[in-house]
Amino acid sequence: MAAADQVTGISARHQDILDRVDYRLAETETEKEAIYGLRYRAYLHEGAIEPRVERRLHDRFDDMPNSWIFGIYMDGELASSLRISVGSPDHPDTPAVDAFGDLLRPQIEAGKTIVDPNRFVADPTNRTKFPELPYLTVRLGYVACAYFNADIGTATVRAEHRAFYRRVFLQTPLCEPRPYPTLLKPLCLMAADFNVVREKIFERYPYFRSSQFERRALFERKSEPLAPDLHLPEFRLPQAAQQP
């Protein structure tokens, strides 16, 4: 089935799907370890990492105050996970900024806010059961962009996935694939001006919209919350290399 046909079918039944999904911020060690184990299984399944004795995948960004680790539960079972990292002048370090600093650090130094969804993994045994799962998982990135008033939304993807992200999520590839921390396969950076594409995305995926109540419930922490920056500066991000 073509991606456009999938989108139409998914949008038609989005309310039923949302009733079955539960986004949970991993706050306890037990919740985090379950996600680290899921990451390991998913990346090993696709050949992105070598086998590890500890059978878990954790990195320094998991412990940073500008990262939120989510488990996505379908019918009560952990099915996928996504980490949201938010780069800003006060907290400039994210995985995408680390790997693509020449492109992203100047934007942060200019005062912009970057929402960097990363560590997108799904349980290999659940992918065929829930074809909507990738869309429900990446939805968190758009919820985060709305909450933090993002200027730039990024995606770090393998070369073979660039066309999909460009066509479906209106993101622009900005460079050739580069080494990415902890992974064997290189990734490339894609980005979009959230304020330009948001309504087009919401027209395609109405269920990507979120209420202020949901955004606060997911991202507002009781201790030292990262308050969203309300500035909306002009977006312009130079490309490292032109893509076909």
Side-chain angles (χ1 to χ4, degrees), residues 2-3 6 35-36 38-52 56-62 64 66-67 69 80-87 92-109 112-124 127 133-135 137-142 144-145 150-194 196-197 201 235-244:
Q6 288 181 327
I35 289 173
Y36 300 156
L38 173 60
R39 286 179 187 169
Y40 174 81
R41 295 192 303 273
Y43 282 130
L44 187 66
H45 178 80
E46 64 182 29
I49 59 172
E50 297 285 358
R52 298 184 177 194
R56 67 197 289 271
L57 187 60
H58 165 274
D59 63 49
R60 67 186 181 89
F61 295 103
D62 288 317
M64 289 190 169
N66 60 326
S67 288
I69 305 169
S80 65
S81 178
L82 187 72
R83 182 174 63 195
I84 302 292
S85 301
V86 181
D93 204 8
T94 80
V97 173
D98 184 54
F100 304 96
D102 57 319
L103 295 171
L104 295 180
R105 289 194 186 280
Q107 304 305 314
I108 290 179
E109 291 169 359
K112 296 184 179 180
T113 298
I114 298 173
V115 167
D116 169 16
N118 56 85
R119 293 299 192 212
F120 174 16
V121 294
D123 188 333
R127 286 179 179 173
L133 187 59
Y135 297 89
T137 305
V138 299
R139 175 180 180 268
L140 276 171
Y142 291 88
C145 282
D151 302 298
I152 303 168
T154 65
T156 45
V157 305
R158 297 205 301 269
E160 60 267 31
H161 295 159
R162 286 183 296 194
F164 174 78
Y165 277 81
R166 178 165 45 191
R167 180 178 64 253
V168 177
F169 298 119
L170 308 180
Q171 291 184 319
T172 301
L174 300 176
C175 64
E176 290 301 315
R178 298 180 183 178
Y180 192 82
T182 74
L183 299 184
L184 297 175
K185 298 181 178 181
L187 302 181
C188 68
L189 176 68
M190 303 190 71
D193 182 330
F194 177 66
V196 169
V197 305
I201 295 296
F235 172 86
R236 182 173 295 275
L237 187 61
Q239 293 183 221
Q242 293 292 326
Q243 301 297 321

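- With values rounded to the nearest 0.5 angstrom, M64 atom CE is found 4.0 Å from R60 atom CZ.
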Step by step, work out the side-chain contact (heavy atoms from CB on, under 4.5 Å) result for L174 and C188.
CA-CA 7 Å; L174 300 176; C188 68; over 6 Å; no

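- In this structure, the side chains of M190 and P173 come closer than 4.5 Å at one or more pairs of heavy atoms.
- Of all heavy-atom pairs spanning A155 and Q171, the tightest one is CB-OE1, 3.2 Å.
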Set out, in order, the CA-CA distance, both residues' side-chain angles and the distance that settles side-chain contact (heavy atoms from CB on, under 4.5 Å) for D151 and Q107, then state yes or no.
CA-CA 9 Å; D151 302 298; Q107 304 305 314; over 6 Å; no

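- Here the CG atom belonging to D193 is positioned 8.0 Å from the CD1 atom belonging to I152, to the nearest 0.5 angstrom.
- Every residue two or more places apart in sequence or in another chain was checked for a ring-ring contact (aromatic ring centres under 6.0 Å, His included) with Y43, and none qualifies.
- Qualifying ring-ring contact (aromatic ring centres under 6.0 Å, His included) partners for F120, counting only residues two or more places apart in sequence or in other chains: none.
- Taking both residues in full, the closest heavy atoms of R83 and P95 are given as NH2-CG, 3.5 Å, listed atom of the first, atom of the second, then distance.
- Under the side chain to side chain contact (heavy atoms under 4.5 Å, CB included) criterion, P92 pairs with I108, sequence neighbours left out.
- Taking CD1 of I35 as the start and OG of S81 as the end, the distance is 4.0 Å to the nearest 0.5 Å.
- With T156 contributing its side chain and A96 its backbone, the two residues share no donor-acceptor pair below 3.5 Å.
- Looking at every heavy atom in both residues, S85 comes nearest to N118 through OG-ND2, 3.2 Å.
- With sequence neighbours excluded, the residues that form a side chain to side chain contact (heavy atoms under 4.5 Å, CB included) with R52 are Y40, E54, L57, T182.
- Here the straight-line distance linking atom OG1 of T172 with atom CZ of R166 works out to 8.0 Å at 0.5 Å rounding.
- Here the closest heavy-atom approach between residue V138 and residue Y142 is recorded as O-CD1, 3.6 Å.
- Expressed to the nearest 0.5 Å, how far CZ of R105 lies from CG of D98 amounts to 6.5 Å.
- Contact record, L183 with I49: CD2-CG2, 3.8 Å, taken as the closest heavy-atom pair.
- Ring planes of F164 and F169: perpendicular class, angle over 60° (limits at 30 and 60°).
- Every residue two or more places apart in sequence or in another chain was checked for a ring-ring contact (aromatic ring centres under 6.0 Å, His included) with F100, and none qualifies.
- Considering only residues two or more places apart in sequence or on other chains, R158 meets the salt bridge (charged side-chain N to carboxylate O under 4.0 Å, His left out) condition with E46, E160.
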Worked check of side-chain contact (heavy atoms from CB on, under 4.5 Å) between I84 and V115:
CA-CA 7 Å; I84 302 292; V115 167; 4.1 Å; yes

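- When only modelled atom types and interatomic distance are considered, N66 and T94 share no side-chain donor-acceptor pair under 3.5 Å.
- In this structure, I201 and F194 have side chains that are not in contact, with every pair of non-hydrogen atoms separated by 4.5 Å or more.
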Go through the steps to decide whether D62 and R119 satisfy the test salt bridge (charged side-chain N to carboxylate O under 4.0 Å, His left out), and finish with yes or no.
CA-CA 10 Å; D62 288 317; R119 293 299 192 212; 6.0 Å; no

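- The side-chain heavy atoms of D116 and V97, taken from C-beta on, include no pair separated by under 4.5 Å.
- The CG atom of L82 lies 12.5 Å from the CZ atom of R139; values are rounded to the nearest 0.5 Å.
- Taking each heavy atom of C175 and R162 in turn, the nearest pair found is O-NH1, 4.1 Å.
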